[in-house]
2 protein chains.
Amino acid sequence: MRELTIPESGPKRVLLNAAEQLFAKKGFEAVSVRDVTQFVKMNVAAVNYHFGSREGMLTLAIMHYTLPLNEERIARLESAERKTPGKPLALEEIIDAFVRPIITQNRKTELPEALFYQLLGRIFAANGDGLSQAYEENFRQLSDRFMRALGKALPTIPFDELASRFHFMSGGLIHLLTHRELLGKRAGSPMTMEAILGRFIRFAAAGLREGLAADASVKKGPQATFDF
Amino acid sequence: MRELTIPESGPKRVLLNAAEQLFAKKGFEAVSVRDVTQFVKMNVAAVNYHFGSREGMLTLAIMHYTLPLNEERIARLESAERKTPGKPLALEEIIDAFVRPIITQNRKTELPEALFYQLLGRIFAANGDGLSQAYEENFRQLSDRFMRALGKALPTIPFDELASRFHFMSGGLIHLLTHRELLGKRAGSPMTMEAILGRFIRFAAAGLREGLAADASVKKGPQATFDF
DNA sequence: GTCTATAAAGTGATAGAC
DNA sequence: GTCTATCACTTTATAGAC
């Protein structure tokens with residue numbers, strides 16, 4: 001895994017922090033170099049001096065929190081697997097390993113909580129769009145690793161179908177991160193991420209394991225027909 | 001407000017069609033007026049002449065297919081409700097009314113299939129970001145209408161929890177639209193949208209009804225009607 | 001209605017003074 | 001390392017010729 005050389009403090013850290021906040025708020029395309037420097041009252045040339053280019057700054061902003069996050073996801077998954085070697089994990093444990101690091105990593109950031117979640121959501125949503133080659137490879141490996149665990153936990157569900165369900169689940173996660181504010185709307189104040197993820201784990205687990213009780217062998221009938 | 005005056009043919013239609021394709025491919029922020037006009041070899045000034053501004057063109061592109069789509073969603077939901085008045089709908093019927101119009105509306109468009117789905121996904125994903133005031137109000141009403149139906153179908157699940165699950169489901173739908181190509185990756189060629197939505201309905205229905213008392217014993221009851 | 005020309009502002013990047 | 005000034009473009013929008 002690549003080393004991210006981001007100083008704990010100093011102008012480079014200040015710039016990156018500003019960039020991350022603005023990217024989270026307005027999206028990657030909508031933030032100019034000048035937006036970032038003016039936000040922290042630094043000079044326009046500082047971005048090119050410290051990051052080489054706008055793209056260098058963007059790449060760093062994408063990897064800064066996601067690489068440690070994905071490392072913790074794998075660590076949690078493998079730690080859970082080590083506890084009961086050979087036995088498949090409970091579905092909820094796998095999903096928990098996938099989503100809980102979002103909360104624990106948030107505690108280590110300098111970003112306001114809401115912006116951190118939104119930044120993550122934007123990064124996940126942009127996956128596959130070629131925003132950062134290195135991050136996409138990192139996520140591909142992560143995804144493979146979790147699909148292996150899911151395959152073991154749900155051996156009777158065709159792997160291909162499981163992949164679709166993992167895809168749907170990922171979409172749900174992205175959406176709750178990018179539009180978290182909509183979730184507490186009826187209750188007045190936004191829900192805590194802890195509460196949201198608790199609900200999400202139950203939702204996703206049920207969706208992933210759908211059809212398990214019934215005969216799994218006959219399950220794969222014609223997929224393309226839903227006329228009634 | 002709901003009258004969309006878009007001629008069937010002529011320069012305005014050509015421009016809008018080009019804009020929609022480019023928005024779908026590259027995102028709303030990434031497409032300039034010049035990108036659009038050059039794409040169909042028209043003059044730069046044409047956009048401002050026909051739409052007043054870039055924003056006018058964008059607004060029209062957002063509403064053009066989504067307003068008829070949301071109308072069909074409601075029509076299907078109410079048509080299903082009329083068939084068995086008083087009785088709650090099966091969960092799968094509600095979700096089907098929500099997603100199937102995506103396929104039927106696609107048949108009416110001039111856009112390449114893949115681009116139509118991607119355009120829809122981008123519009124849904126941007127909901128709440130203030131891209132088009134009018135569309136957001138339209139979606140809010142749609143969402144309320146479907147939440148009412150879901151509340152009737154799953155009366156024992158707290159409405160607030162149901163709203164969270166509807167939110168997760170919406171995220172899954174957005175993601176399968178914007179990143180459909182990832183779904184057939186292992187199989188070689190991309191899955192048809194019919195097949196994808198068939199899987200999605202089962203996934204989402206299971207997630208929505210999670211924790212029902214009936215879940216353990218008769219969970220497949222209402223599903224017998226549906227042949228996925 | 002369609003075009004050219006241009007305004008006015010914004011973009012990333014950089015040379016060179018300090 | 002920091003800053004100013006500037007280059008070379010691109011952006012939306014529009015005035016006015018045809």
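Chain letters run A, B, ... following the sequence lines, proteins first and then strands; every chain starts at 1.
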Of the listed C:dA13, D:dA13, D:dT4, the closest approach to the B:S53 side chain comes from D:dA13
Whole-Å distance, B:L15 CG to C:dG1 C1', equals 12 Å
Review point. Does B:E72 come within less than 4.0 Å of B:R76, counting only side-chain N to carboxylate O?
Key: yes
Comparing nearest nucleotides in DNA chain D, the 5'-proximal residue of the pair B:G52, A:H50 is A:H50
A:K26 atom NZ is separated from C:dT11 atom C1', nearest whole Å, by 14 Å
Heavy-atom nearest nucleotide on DNA chain D taken for A:R34 and for A:Y49; more 5' hit belongs to A:Y49
Does a side-chain N-to-carboxylate-O contact under 4.0 Å join A:E194 and A:R199?
no
Rounded to whole Å, NZ of A:K41 lies from C1' of D:dC3 at a distance of 17 Å
B:F51 atom CZ is separated from C:dG1 atom P, nearest whole Å, by 13 Å
Here the distance between atom P of C:dT11 and atom CG of A:L58, to the nearest Å, is 16 Å
Whole-Å distance, B:N48 CG to C:dA7 P, equals 18 Å
Out of D:dT11, C:dG12, C:dC3, minimum distance to the side chain of A:S32 belongs to C:dG12
Fill in: Check ion pair A:E161-A:R165 (N to O, under 4.0 angstrom)
yes
Side-chain atoms of B:N43 come closest, of C:dG12, C:dT4, D:dT4, to C:dT4
May I ask you to establish whether B:R180 and B:Y117 are in a cation-pi arrangement, using a distance under 6.0 Å from NZ or CZ to the six-membered ring centre and at most 45° from the ring axis?
no
Regarding the side chain of A:R54, the nearest nucleotide among C:dT4, D:dC3, C:dA13 is C:dA13
message = Between A:R140 and A:D144, does any side-chain N to carboxylate O distance fall below 4.0 Å?
response = yes
Separation of D:dA13 atom P from B:E55 atom CD, nearest Å, is 8 Å
To the nearest angstrom, the CD-C1' distance between A:Q38 and C:dT11 comes to 12 Å
